Amino acid sequence: MWWFQQGLSFLPSALVIWTAAAFIFSYITAITLHHVDPALPYISDTGTVAPEKCLFGAMLNIAAVLCIATIYVRYKQVHALNPEESRIIKLNKAGLVLGLLSCFGLSVVANFQKTAFFVVHVCGAVLTFGMGSLYMFVQTILSYQMQPKIHGKQVFWIRLLVVIWCGVSAFSMLTCSSLLYSGNFGTDIVQKLHWNPEDRVRKHSIRFMQTSLRWNKRSCYSQVSNLSEN
């Protein structure tokens with residue numbers, strides 16, 4: 001029997017694979033129809049115009065459901081392994097709430113496009129990344145509390161490294177976003193899907209870094225999701 005055939009062990013891997021597929025398929029559709037530039041567009045831009053926005057929304061909604069299932073299974077797993085540890089029980093409940101808020105944010109991002117509902121879209125992104133980052137932090141603390149009784153130290157160290165990676169990416173992304181949307185580079189940033197040569201000279205380096213960090217943070221979040229049942 002393969003490892004993913006044991007109980008619900010397939011959930012984290014299914015979440016990572018499905019979420020990655022949502023981004024890849026919407027990206028391929030968007031560049032095939034020339035709706036975005038192929039050189040590392042915003043993730044949100046690849047889900048802004050039909051038909052890719054329909055694919056983006058549908059697949060991310062399913063990803064949100066898979067994420068809820070994964071987070072709940074992790075919650076029940078920690079509870080079953082530590083039925084009498086009051087500190088771990090409180091942290092576990094906090095992690096469940098943070099994880100569910102992150103899933104809700106993901107659904108908001110999927111259904112409210114950046115160009116049409118910018119404020120709502122940003123609020124969803126803040127919930128997804130902000131609550132998701134806090135969820136990672138809680139899971140790292142839980143891993144520390146549960147070693148070496150439940151699992152080895154390597155799980156804690158892997159989670160810690162991923163959380164640090166995620167935190168640096170989040171801070172850098174926030175800095176780049178603040179610079180890009182400060183008004184010094186024009187007022188049409190939200191609606192812009194294509195960038196002309198003049199824009200690339202003045203804005204592309206900041207935008208490229210910000211977009212890279214967003215994709216990096218998505219990858220980081222997926223890494224922790226894939227560890228969530230260990």
Side-chain angles (χ1 to χ4, degrees), residues 4 7-33 35-36 40-77 94-136 138-139 166 169-170 173 177 190-191 193 210-211 213-229:
F4 57 81
L8 296 174
S9 298
F10 69 92
L11 276 175
S13 295
L15 170 61
V16 173
I17 293 170
W18 185 268
T19 305
F23 299 143
I24 292 170
F25 290 159
S26 60
Y27 169 77
I28 292 173
T29 305
I31 62 172
T32 300
L33 298 175
H35 291 162
V36 297
L40 207 63
Y42 285 138
I43 298 174
S44 300
D45 287 352
T46 64
T48 296
V49 182
E52 60 265 22
K53 73 175 183 179
C54 305
L55 182 66
F56 185 80
M59 293 190 73
L60 278 192
N61 281 326
I62 296 174
V65 173
L66 287 172
C67 193
I68 290 171
T70 303
I71 288 168
Y72 182 72
V73 169
R74 172 62 177 172
Y75 166 77
K76 296 296 288 185
Q77 179 193 52
L96 176 65
V97 173
L98 292 170
L100 293 179
L101 287 174
S102 179
C103 295
F104 174 72
L106 182 61
S107 183
V108 170
V109 167
N111 293 287
F112 294 88
Q113 285 75 38
K114 184 191 75 171
T115 54
F117 305 97
F118 180 70
V119 174
V120 179
H121 185 85
V122 169
C123 289
V126 169
L127 279 176
T128 302
F129 291 131
M131 298 299 103
S133 297
L134 291 175
Y135 176 78
M136 295 180 200
V138 169
Q139 292 302 319
C166 184
S169 297
M173 184 181 71
S177 296
V190 174
Q191 301 296 328
L193 298 179
Q210 182 198 22
T211 309
L213 291 165
R214 285 191 180 187
W215 285 93
N216 187 34
K217 192 165 173 58
R218 293 278 189 182
S219 173
C220 173
Y221 189 46
S222 298
Q223 295 275 357
V224 172
S225 297
N226 207 25
L227 285 169
S228 62
E229 290 196 17

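Here the structure is a predicted model, which means the values were calculated and not measured.
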Taking only residues two or more places apart in sequence or in another chain, which ones pass side-chain hydrogen bond (donor to acceptor under 3.5 Å, both in side chains) with Ser107?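 With sequence neighbours excluded, Ser107 shows a side-chain hydrogen bond (donor to acceptor under 3.5 Å, both in side chains) to Asn61, Asn111, given in chain and number order.
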Report the residues that fulfil side chain to side chain contact (heavy atoms under 4.5 Å, CB included) with [X], sequence neighbours left out, ordered by chain and then residue number.
X: Ala94; answer: none
X: Ile28; answer: Ile24, Thr32
X: Ile68; answer: Leu100, Cys103

Where do [X] and [Y] come nearest, in terms of heavy atoms and distance?
X: Leu33; Y: Pro51; value: CD1-CD, 3.4 Å
X: Leu98; Y: Tyr135; value: CD1-N, 4.1 Å
X: Leu127; Y: Leu101; value: CB-O, 3.9 Å
X: Ala110; Y: Leu60; value: CB-CB, 3.4 Å
X: Ala63; Y: Thr19; value: CB-OG1, 3.6 Å
X: Thr48; Y: Lys53; value: O-CD, 3.4 Å

According to ring pair (Phe, Tyr, Trp, His ring centres under 6.0 Å), who are the partners of Phe112, at least two apart in sequence or on a separate chain?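 With neighbours one apart ignored, the set is Phe117.
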With rounding to the nearest 0.5 Å, note down the distance linking [atom1] in [X] to [atom2] in [Y].
X: Ile31; Y: Glu52; atom1: CD1; atom2: CD; answer: 10.5 Å
X: His35; Y: Ser26; atom1: NE2; atom2: OG; answer: 12.5 Å
X: Tyr75; Y: Gln139; atom1: OH; atom2: CD; answer: 12.0 Å

Decide yes or no on side chain to side chain contact (heavy atoms under 4.5 Å, CB included) for Leu134 and Met131, but give the supporting numbers first. CA-CA 5 Å; Leu134 291 175; Met131 298 299 103; 3.9 Å; yes
After noting the C-alpha distance and the side-chain angles of Val109 and His121, does the key distance pass the side chain to side chain contact (heavy atoms under 4.5 Å, CB included) rule? CA-CA 5 Å; Val109 167; His121 185 85; 3.6 Å; yes
Sole candidate of Phe23, Tyr27, Phe25 that passes side chain to side chain contact (heavy atoms under 4.5 Å, CB included) when paired with Thr46: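 Looking at Phe23, Tyr27, Phe25, the match for Thr46 under the side chain to side chain contact (heavy atoms under 4.5 Å, CB included) is Tyr27.
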